[in-house]
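Let me begin by presenting the structure, written as structure tokens, before commenting on it.
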Amino acid sequence: MGVAWGMSNSEFAFLLFFLAVLLRGGIALVNLLARVGPKSGYFEPDQYQLAYLSGGVDRVADSVVAELVAAGALRVDADGKLRATGIRVQHEYQQRVLEWAGDGIAMAELRRAFRRSGITRALVAWLSVHGLISGSGRLQALRVLIWLLGAITAVGLIRVADSLIRGYFSAECLIVPLVVVMWVGTLYLGWEPKRTFKGDRVVRQARTASEVPTGNARRTFSHPVEVATAVAIHGMEQYPDERVGAHLNIPLPWWKRALLGGRSGGGDGGDGDGGDGGGGE
């Protein structure tokens, strides 16, 4: 039984596991509290509010782009870049996107510009006040706990590496991979949007009201706002023009899909003002 850092491997393993379970329980509790909000009251969200609730800041950017392309204010060229056509628009989000598009911008670059601009701060604050997403305070508390769990995970990995190098490794050290799994399983909780149960209900009702065609059928829309709403709820794969949608759709990377465990409600989030929201567990 190896002794280092003032304790044996079994003592270290017990302490590490105890702290990890304590922090994981705290994360679960704060995550639950972050999702609790007022149950009463219902409102009819617009396309951009629905987009943030469904997928965070990136989904808002997708919804704005979809509406502008459908309205003819943006075009998608053969190289996949978005370019403004000169049509005037009124909404602030749309104006900013047309400014960025200018002489041509890729969808991924436009998403980054949208996130970093902080343009959705007012929208995030409005959703928070109305109990549809958690407040920034609870989300910050959740992130601190996740960071602390990551810190003790790092300490465990250092202990294992040290035990292998100095020759005091024992079976008790195998508790460290379990702690790593516990930490990795919490990472997605710190992303946006962190919907409350009320926010979940609003999104479910919107999805129920918006039918998705089966098979290879594409939806038809009579107005650009309808296109924006469909993209807001279901993502860019619902854009009615398959060629355009293929250029605009940016799927989540494999590691994010793995962490989300099949959930699609996470934007690419954390940058800019996106940190005030996050997807529910």
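For the numbers below, each heavy atom of this structure counts, side chains included, while hydrogens, waters and symmetry mates do not.
- In this structure a side-chain-to-backbone donor-acceptor pair under 3.5 Å is present from Gln95 to Gln90.
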Test side-chain contact (heavy atoms from CB on, under 4.5 Å) applied to Arg115 and Thr120, step by step: CA-CA 8 Å; Arg115 288 198 302 268; Thr120 57; over 6 Å; no

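- Atoms CG and CZ, from Asp58 and Arg112 in turn, are 10.0 Å apart once rounded to the nearest 0.5 Å.
- Both Leu148 and Phe18 are assigned to one and the same hydrophobic cluster, defined by single-linkage of ILVMFWY side chains at heavy-atom distances under 4.5 Å.
- Although no hydrogens or angles enter the test, the distance criterion places no donor-acceptor pair under 3.5 Å between the side chain of Glu67 and the main chain of Val227.
- In this structure, Phe114 and Ala61 approach most closely via the heavy-atom pair CG-CB, 3.7 Å.
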Verdict with reasoning, Phe12 to Glu172, per side-chain contact (heavy atoms from CB on, under 4.5 Å): CA-CA 8 Å; Phe12 179 82; Glu172 290 87 350; over 6 Å; no

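- Other residues, nucleotides and ligands place no more than 12 heavy atoms under 6.0 Å from the CG atom of Asp103.
- Under the 3.5 Å distance criterion, the side-chain polar atoms of Thr85 are matched with a main-chain donor or acceptor of Ala73.
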Trp5/Ile158 under side-chain contact (heavy atoms from CB on, under 4.5 Å): CA gap, chis, key distance, verdict: CA-CA 11 Å; Trp5 304 3; Ile158 293 171; 3.8 Å; yes

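- Distance alone, capped at 3.5 Å, places no donor-acceptor pair between the Thr186 side chain and the Ile146 backbone.
- Considering OG1 of Thr208 and CD1 of Ile233, their distance stands at 9.5 Å, rounded to 0.5 Å.
- Val181 and Leu187 end up in different hydrophobic clusters when Ile, Leu, Val, Met, Phe, Trp and Tyr side chains are linked at under 4.5 Å.
- A distance-only check finds no donor-acceptor pair linking the side chain of Arg75 to the backbone of Arg83 [under 3.5 Å].
- Nearest heavy atoms, Ser117 versus Arg96: CB-NH2, 3.7 Å.
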Full working for side-chain contact (heavy atoms from CB on, under 4.5 Å) between Tyr48 and Gln94: CA-CA 11 Å; Tyr48 303 142; Gln94 298 174 0; 3.0 Å; yes

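- No single ILVMFWY cluster, assembled from side-chain heavy atoms under 4.5 Å apart, contains both Tyr168 and Phe14.
- Closest non-hydrogen pair, Ser128 versus Ser134, comes out as OG-O, 4.0 Å.
- Two residues are said to be in side-chain contact when any heavy atoms from C-beta on lie closer than 4.5 Å; Gln47 and Glu226 fail this criterion.
- Looking at heavy atoms from C-beta onward, Asp62 lies in side-chain contact with Met107 at the 4.5 angstrom threshold.
- Taking 4.5 Å as the limit, some side-chain heavy atom of Arg159 sits within range of a side-chain heavy atom of Met7.
- Atom OH in Tyr93 sits 13.5 Å away from atom CG in Leu68 (nearest 0.5 Å).
- Put simply, the side chain of Ser54 gets close to the backbone of Leu50: a donor and an acceptor are under 3.5 Å apart.
- Taking both residues in full, the closest heavy atoms of Gly72 and Ile87 are given as O-CD1, 3.3 Å, listed atom of the first, atom of the second, then distance.
- The pair Asp77-Lys81 fails the salt-bridge criterion, with no side-chain N (NZ, NE, NH1 or NH2) lying under 4.0 Å from an Asp/Glu carboxylate O.
- Checking side-chain atoms of His130 against main-chain N and O of Trp126 turns up a donor-acceptor pair under 3.5 Å.
- Proximity of a side-chain donor or acceptor of Asn9 to a complementary backbone N or O of Ala171 within less than 3.5 Å is not detected.
- Interatomic distance, Leu110 CG to Trp100 CH2, rounded to the nearest 0.5 Å: 6.5 Å.
- Scanning all heavy atoms of the two residues, the minimum distance from Leu74 to Ala101 falls at CD2-CB, 3.5 Å.
- One N or O on the side chain of Ser163 and one on the backbone of Val160 form a donor-acceptor pair closer than 3.5 Å.
- When every heavy atom of Leu149 is checked against every heavy atom of Ala20, the shortest pair comes out as CD1-CA, 3.8 Å.
- How far CG of Leu15 is from OG of Ser10: 11.5 Å, rounded to the nearest 0.5 Å.
- Heavy atoms from other residues, nucleotides or ligands lying under 6.0 Å from CH2 of Trp147 number 12 at most.
- Here Trp183 contributes atom CH2 and Ile27 contributes atom CD1; the two are 11.0 Å apart, rounded to the nearest 0.5 Å.
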Tyr239 and Asn249: CA distance, side-chain angles, deciding distance, side chain to side chain donor-acceptor pair (under 3.5 Å) verdict: CA-CA 9 Å; Tyr239 194 84; Asn249 189 31; over 6 Å; no

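- At least one side-chain heavy atom of Asp46 sits less than 4.5 Å from a side-chain heavy atom of Gln49.
- The hydrophobic cluster containing Val225 does not contain Val60, counting ILVMFWY residues as joined when their side-chain heavy atoms lie under 4.5 angstrom apart, directly or transitively.
- Cluster membership for Val21 and Leu174, using ILVMFWY side-chain heavy atoms within less than 4.5 angstrom, is shared.
- For Thr196 (side chain) and Leu132 (main-chain N/O), a donor-acceptor pair under 3.5 Å exists by modelled atom type.
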